[in-house]
Amino acid sequence: MIAENMDPNFFEETYYEKRVWIASARLSNSLMMFSKPFIGEDDDMGRNAINDILVTLSESEIVPKYIAFWNNAVKLCVEDSKLVPVINRLEKYGVRVFVAGHALDKLNLKSSLRVGKLANHFDLIDAMNQVQKVINF
């Protein structure tokens, strides 16, 4: 049995964070997935578009159950991103914000994460299976 052979001090130096999401807005049964730090083209209009959509969403009465930031979109959730307070507000509304740990590692940004929960592909697939609609940006 695996548990019998396990070192009892294995988890001693491990930090666990428990997050509890309590919805304060109405949650739609959807997932919004961002894979780029812009919508459309990588220019002023595209960068303003993602800013505008997230700000507008944070001011809405109905918000998605999940928001996922994957690939280069993880840059929106790190230190110095002007959208951190906006995404934080969405979390307070009950939105579960997932941020790809793999992308943060590749971009050397893991220590700069300021909002959201580190997530992997299992988390993303699980969220996709729980909702009725997935919206990709």
Side-chain angles (χ1 to χ4, degrees):
M1 196 173 226
I2 295 173
E4 292 174 7
N5 298 329
M6 189 175 212
D7 178 9
N9 298 320
F10 181 78
F11 294 107
E12 194 169 293
E13 298 294 320
T14 306
Y15 170 75
Y16 289 96
E17 180 180 284
K18 182 178 179 183
R19 288 189 178 223
V20 177
W21 282 290
I22 301 172
S24 61
R26 289 189 2 214
L27 296 175
S28 70
N29 197 11
S30 62
L31 174 136
M32 292 178 85
M33 184 167 172
F34 296 92
S35 59
K36 304 173 285 194
F38 53 88
I39 295 175
E41 301 297 321
D42 186 8
D43 56 15
D44 285 340
M45 190 179 299
R47 288 184 292 279
N48 287 335
I50 199 162
N51 181 72
D52 293 347
I53 193 86
L54 288 170
V55 168
T56 302
L57 190 61
S58 75
E59 296 170 350
S60 298
E61 290 183 26
I62 301 174
V63 294
K65 186 174 184 180
Y66 300 99
I67 295 179
F69 294 93
W70 240 247
N71 298 335
N72 282 306
V74 300
K75 294 174 184 176
L76 301 173
C77 300
V78 299
E79 192 172 25
D80 297 331
S81 167
K82 63 182 180 180
L83 287 171
V84 167
V86 173
I87 299 167
N88 190 36
R89 188 176 324 131
L90 287 164
E91 273 192 314
K92 288 180 181 176
Y93 290 161
V95 177
R96 295 181 182 186
V97 177
F98 292 138
V99 184
H102 180 74
L104 289 169
D105 277 339
K106 289 289 186 183
L107 297 168
N108 294 317
L109 293 172
K110 201 172 218 175
S111 64
S112 298
L113 182 66
R114 294 296 175 261
V115 66
K117 172 190 176 284
L118 279 178
N120 59 35
H121 290 93
F122 291 107
D123 297 317
L124 181 62
I125 297 297
D126 186 48
M128 291 168 107
N129 287 326
Q130 290 185 33
V131 298
Q132 292 177 331
K133 185 187 332 183
V134 176
I135 305 158
N136 264 323
F137 287 95

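Values below: all heavy atoms of this structure, side chains included; hydrogens, waters and symmetry mates excluded.
Listed for the Asn48 side chain is no donor-acceptor partner under 3.5 Å among the backbone atoms of Met45. Put simply, the side chain of Tyr66 never gets that close to the backbone of Ser30: no donor and acceptor are under 3.5 Å apart. A donor-acceptor pair under 3.5 Å links the side-chain atoms of Asn129 to the main chain of Ile125, judged by distance alone.
In this structure, Phe69 has its ring center at least 6.0 angstrom away from the ring center of Phe98.
Note on Ile39: it clusters hydrophobically with Ile135, by side-chain heavy-atom contacts below 4.5 Å among ILVMFWY residues.
Here the closest non-hydrogen pair linking Val99 and Val115 is CG2-O, 3.6 Å. Taking every heavy atom of both residues into account, Leu113 and Gly116 meet most closely at CD2-O, 4.2 Å. Contact detail for Val95 and Pro64: the closest heavy-atom pair is CG2-O, 3.2 Å. Scanning all heavy atoms of the two residues, the minimum distance from Ser81 to Pro85 falls at O-CD, 4.3 Å. Between Val74 and Ala103, the closest heavy-atom pair is CG1-CB, 3.9 Å.
One finds the CD atom of Gln132 at 9.5 Å from the OG atom of Ser28 (value rounded to the nearest 0.5 Å). If you take CG on Leu54 and CE on Met32, they are separated by 7.0 Å, rounding to the nearest 0.5 Å. Here the straight-line distance linking atom CG of Asp105 with atom CG of Leu118 works out to 8.5 Å at 0.5 Å rounding. The structure places CG of Asn29 at 10.0 Å from NZ of Lys133, a figure rounded to the nearest 0.5 Å. Within the model, atoms CG of Leu76 and CG of Leu83 stand 5.5 Å from one another, a figure rounded to the nearest 0.5 Å. Here the CZ atom belonging to Arg96 is positioned 11.0 Å from the CD atom belonging to Glu91, to the nearest 0.5 angstrom.
Side-chain contact between Ile87 and Ile67 is absent, with no heavy atoms from C-beta onward closer than 4.5 Å. The side-chain heavy atoms of Lys75 and Leu109, taken from C-beta on, include a pair separated by under 4.5 Å. For the pair Asn72/Leu107, a side-chain contact is recorded, criterion being any heavy-atom separation below 4.5 Å from C-beta on.
Ring geometry for Phe34 against Phe137 counts as parallel: the plane angle stays under 30°, on a 0 to 90° scale with 60° as the upper cut.
With sequence neighbours excluded, no residue satisfies salt bridge (Lys or Arg N to Asp or Glu O under 4.0 Å) with Asp126.
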Show the numbers, then the answer: is there a side chain to side chain contact (heavy atoms under 4.5 Å, CB included) between Leu31 and Leu124?
CA-CA 9 Å; Leu31 174 136; Leu124 181 62; 4.3 Å; yes

Does the pair Lys36 and Asn71 meet the rule for a side chain to side chain contact (heavy atoms under 4.5 Å, CB included), with working shown?
CA-CA 7 Å; Lys36 304 173 285 194; Asn71 298 335; over 6 Å; no

Run Leu57 and Val86 through side chain to side chain contact (heavy atoms under 4.5 Å, CB included) and show every step you take.
CA-CA 9 Å; Leu57 190 61; Val86 173; over 6 Å; no

Please test Gln130 against Lys65 for side chain to side chain contact (heavy atoms under 4.5 Å, CB included), starting from the C-alpha separation and ending with a verdict.
CA-CA 10 Å; Gln130 290 185 33; Lys65 186 174 184 180; 3.9 Å; yes

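Taking the charged nitrogens against the carboxylate oxygens, Arg47 and Asp42 do have a contact shorter than 4.0 Å, which makes a salt bridge. Salt-bridge annotation for Asp80 and Arg114: absent, with no side-chain N of the basic residue lying under 4.0 Å from a carboxylate O of the acidic one.
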